[in-house]
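Let me begin by presenting the structure, written as structure tokens, before commenting on it.
For ligands, and for the atoms within them, numbers begin at 1 and follow the listed sequence. Just so it is clear, the structure is predicted and the values come from calculations on it, not from any experiment. If you read the sequence from its start, that first residue is 1, and numbering goes on from there. Just so you know, these numbers use all the heavy atoms, side chains as well, and skip hydrogens, waters and symmetry mates.
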Amino acid sequence: MPDMKQGEHTDQANRPLIQRPSTVSRTSLIDNGMTVLQQWGADHICKVCIANSGSCCRDCRHLLDGVGCQLRNTSCTAWLCGFHKYLLFEVGQLEEWNLFWDDVPGQEFREDFTPEQVIIDKSLTIQQQTMEHLGEALAADLQEMERSHIAIGIILTLREKLDKNIDQFMLEDKDHKRKLRIKRKIKVLSSDFQRFHHLLNKYKLEQAELHNM
Ligand code: SF4
Ligand code: SF4
């Protein structure tokens with residue numbers, strides 16, 4: 001979501017943000033969600049999206065012009081647009097994200113009725129170091145796409161297609177051939193993300209090396 005503060009998580013081992021089961025305040029749920037998104041550089045994508053008229057906060061009564069969101073809630077934190085969904089999908093954190101927020105009660109459109117204290121049985125993982133450069137690379141790819149295509153708003157159309165296909169992929173757990181077809185479609189949709197894929201491959205190699213140590 002837009003209006004993100006910078007995180008400060010550069011020297012910690014990969015670990016769950018919340019030890020489970022835990023009683024957690026509503027505000028720390030929001031803070032933890034924002035921390036994870038910031039860590040992957042989601043705010044860089046928001047900047048490009050907003051500059052291209054794609055803000056998901058448009059017409060919201062809680063949005064103060066030039067200042068940002070005045071009523072951050074669990075619902076808007078949990079909700080992922082197609083770009084953020086794609087980012088977490090590629091780095092392998094989307095399932096964890098969905099399971100975590102499925103446990104948080106009281107989410108409504110642009111507001112929440114989440115209790116001030118919630119018992120949480122799931123966790124969100126924070127990485128050893130910030131991976132902000134991944135979101136930054138994706139943002140640069142999106143900016144480049146918008147600049148080089150004649151069709152105005154191409155990235156917003158792409159955002160919706162990524163959203164739909166990733167949802168279908170995550171929901172399909174019986175038909176493996178269909179799952180593969182959807183995965184191929186996501187690959188085609190994201191084929192212009194060259195900077196992002198370059199850094200993502202590096203990240204995946206580093207992760208594989210760490211696991212083999
Ligand atoms: S739609 Fe996504 S990328 Fe665009 S402003 Fe909202 S959260 Fe950010
Ligand atoms: S409450 Fe409104 S301004 Fe705040 S994040 Fe949600 S949509 Fe955006």
Any atoms of ligand 2 less than 4.0 Å from a non-hydrogen atom of Arg110? List them with their elements. 1 (S), 7 (S)
Just jot down the ligand 2 atoms closer than 4.0 angstrom to any heavy atom of Asn73, in number order. 1 (S)
Looking only at heavy atoms, is any part of Glu111 under 4.0 Å from ligand 2, and if so is it the side chain, the backbone, or both, or is it neither? neither
Quick one: which ligand 2 atoms are inside 4.0 Å of a heavy atom on His62? 1 (S)
Donor-acceptor contacts under 3.5 Å from residues 137-145 side chains, at least two apart:
unit_1, atom_1, unit_2, atom_2, d
Asp141, OD1, Arg195, N, 3.2
Asp141, OD1, Arg195, NH1, 2.9
Asp141, OD2, Gln194, N, 3.3
Asp141, OD2, Arg195, N, 3.1
Asp141, OD2, Phe196, N, 2.8
Glu144, OE1, Arg147, NH2, 3.0

Starting from Leu199, can I reach Phe89 by hopping between I/L/V/M/F/W/Y residues whose side chains sit under 4.5 Å apart? yes
Please state which part of Cys57 comes within less than 4.0 Å of ligand 2, counting heavy atoms only: side chain, backbone, both or neither. both
Can you list the ligand 2 atoms lying under 4.0 Å from a non-hydrogen atom of Cys76? 1 (S), 5 (S), 6 (Fe), 7 (S)
Does one side chain, of Gln93 or Trp40, offer a donor that lies under 3.5 Å from an acceptor on the other? yes
Whether over 12 other heavy atoms sit under 6.0 Å from Glu95 CD: no
Element-labelled atoms of ligand 1 that are located less than 4.0 Å from some non-hydrogen atom of Gly54: 1 (S), 4 (Fe)
With heavy-atom distances below 4.5 Å as the criterion, would you say the side chains of Trp97 and Leu37 are in contact? yes
For Arg72, take its heavy atoms, then give the atoms of ligand 2 lying under 4.0 Å from any of them. 5 (S)
Go through ligand 1 atom by atom and flag the ones less than 4.0 Å from a non-hydrogen atom of Cys81. 1 (S), 2 (Fe), 3 (S), 7 (S)
What atoms of ligand 2 come within less than 4.0 Å of a heavy atom belonging to Cys60? 1 (S), 2 (Fe), 3 (S), 7 (S)
Is it true that Thr77 and Thr74 share a donor-acceptor pair across their side chains at a distance under 3.5 Å? no
Using 2.8 Å as the threshold, say whether any N, O or S atom from His84 sits that close to atom 2 (Fe) of ligand 1. no
Quick note, salt bridge (Lys or Arg N to Asp or Glu O under 4.0 Å) partners involving residues 170-180, not counting sequence neighbours, are Glu172-Arg178
Is there a donor-acceptor contact under 3.5 Å linking the side chains of Ser25 and Glu116? no
